[in-house]
Undergrad: 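First the structure, which I've put down as structure tokens, then a few questions once you've had a look.
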Amino acid sequence: MPSKLLVATGNEGKLREFKKVLAGVCDVLSPRELSLLLRNVKEGTNYAENAVLKAKVYSDQFDGLICGEDSGLEVDALDGRPGPLSARYGGEDTPHTEKCRLILNELKDVALYNRTARFRATIALVDGDNVETFEGTLEGWIGFEYKGEEGFGYDPIFIPQGFSRTNAELGMVIKNRISHRAKAIGKLAEYLRNR
Ligand code: ITT
């Protein structure tokens with residue numbers, strides 16, 4: 001079992017989830033905590049490509065296991081948008097409160113049964129030339145209002161299947177049991193334990 005893992009993300013919400021789910025498996029470090037030069041790459045066309053690129057960009061600065069994660073929200077009524085472009089939807093610097101409102105507005109005439117959506121996450125673990133990927137999804141639907149304080153990103157508008165409240169209302173403890181990222185990190189944890 002490795003002792004350290006660099007999670008190549010600048011997203012503090014993601015980092016908190018990695019730390020929580022990998023507690024007891026290995027020390028999760030971020031580029032910020034190691035004072036590495038922060039680099040942001042997302043030129044791939046899908047989650048897996050982006051996840052690999054995010055990890056590899058740090059391989060000249062960190063000698064050890066690195067993982068990148070790419071994720072997004074796919075709304076069926078919007079033909080799968082924003083998908084891999086979720087972080088940049090409505091403009092890179094547009095806050096997520098606005099991005100959420102943009103989606104609520106685009107769905108204003110869409111009925112409940114057509115508001116299905118899912119979060120998808122892909123983690124790429126890079127160890128020299130070897131790459132392993134781990135995936136997770138969370139099915140649900142887009143609510144009618146912005147609700148809740150916890151989590152990040154689109155959590156205030158996403159209601160997971162089997163619940164009647166948004167991820168942001170349900171909070172970290174429940175989200176970390178059911179989320180797309182928790183499922184992908186769980187698979188990564190299993191892999192790391194057996195290494
Ligand atoms: P890094 O690339 O630095 O890891 P990022 O936030 O830019 O951070 P992505 O390119 O993978 O990451 O974009 C993921 C976006 O998808 C994120 O900014 C949210 O808009 C959305 N998203 C992904 N997982 C989410 C979650 O668990 N809750 C809410 N929104 C999420």
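This one's a predicted model, so the numbers in the text were calculated from it and none came from an experiment. Counting starts at 1 for both ligands and their atoms, in listed order. Numbering starts at 1 and runs along the sequence shown.
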Undergrad: Any heavy atom of Leu73 sitting closer than 4.0 Å to ligand 1?
TA: no
Undergrad: Going by side chain to side chain donor-acceptor pair (under 3.5 Å), name the pairs with one or both residues in residues 133-150, residues two or more places apart or in two chains.
TA: Arg118-Glu139
Undergrad: Side chain, backbone, both or neither: which part of Phe152 comes within less than 4.0 Å of ligand 1 when only heavy atoms are counted?
TA: both
Undergrad: Given Arg81 and Glu106, is the salt bridge (Lys or Arg N to Asp or Glu O under 4.0 Å) satisfied, shown in steps?
TA: CA-CA 11 Å; Arg81 279 187 289 122; Glu106 286 180 287; 3.1 Å; yes
Undergrad: For atom 6 (O) of ligand 1, which of Thr122, Leu85, Asn11 has the closest heavy atom?
TA: Asn11
Undergrad: Does His96 come within less than 4.0 angstrom of ligand 1, counting non-hydrogen atoms of the residue?
TA: yes
Undergrad: What residue among Tyr89, Tyr154, Phe158 forms ring pair (Phe, Tyr, Trp, His ring centres under 6.0 Å) with His96?
TA: Tyr154
Undergrad: How would you list all residue pairs meeting side chain to side chain donor-acceptor pair (under 3.5 Å) that involve residues 13-25, not counting sequence neighbours?
TA: Lys14-Glu69, Glu17-Lys175, Glu17-Arg181, Lys19-Glu33
Undergrad: Hey, is Gly72 one of the residues with a heavy atom under 4.0 angstrom from ligand 1?
TA: yes
Undergrad: Determine whether a donor-acceptor pair (N or O, by modelled atom type, separation under 3.5 Å) exists between the side chain of Ser179 and the backbone of Asn176.
TA: no
Undergrad: Heavy atoms only: which of Leu38, Asp70, Asn176, Asp155 is nearest to atom 28 (N) of ligand 1?
TA: Asp155
Undergrad: Has Arg88 got any heavy atom lying under 4.0 angstrom from an atom of ligand 1?
TA: no
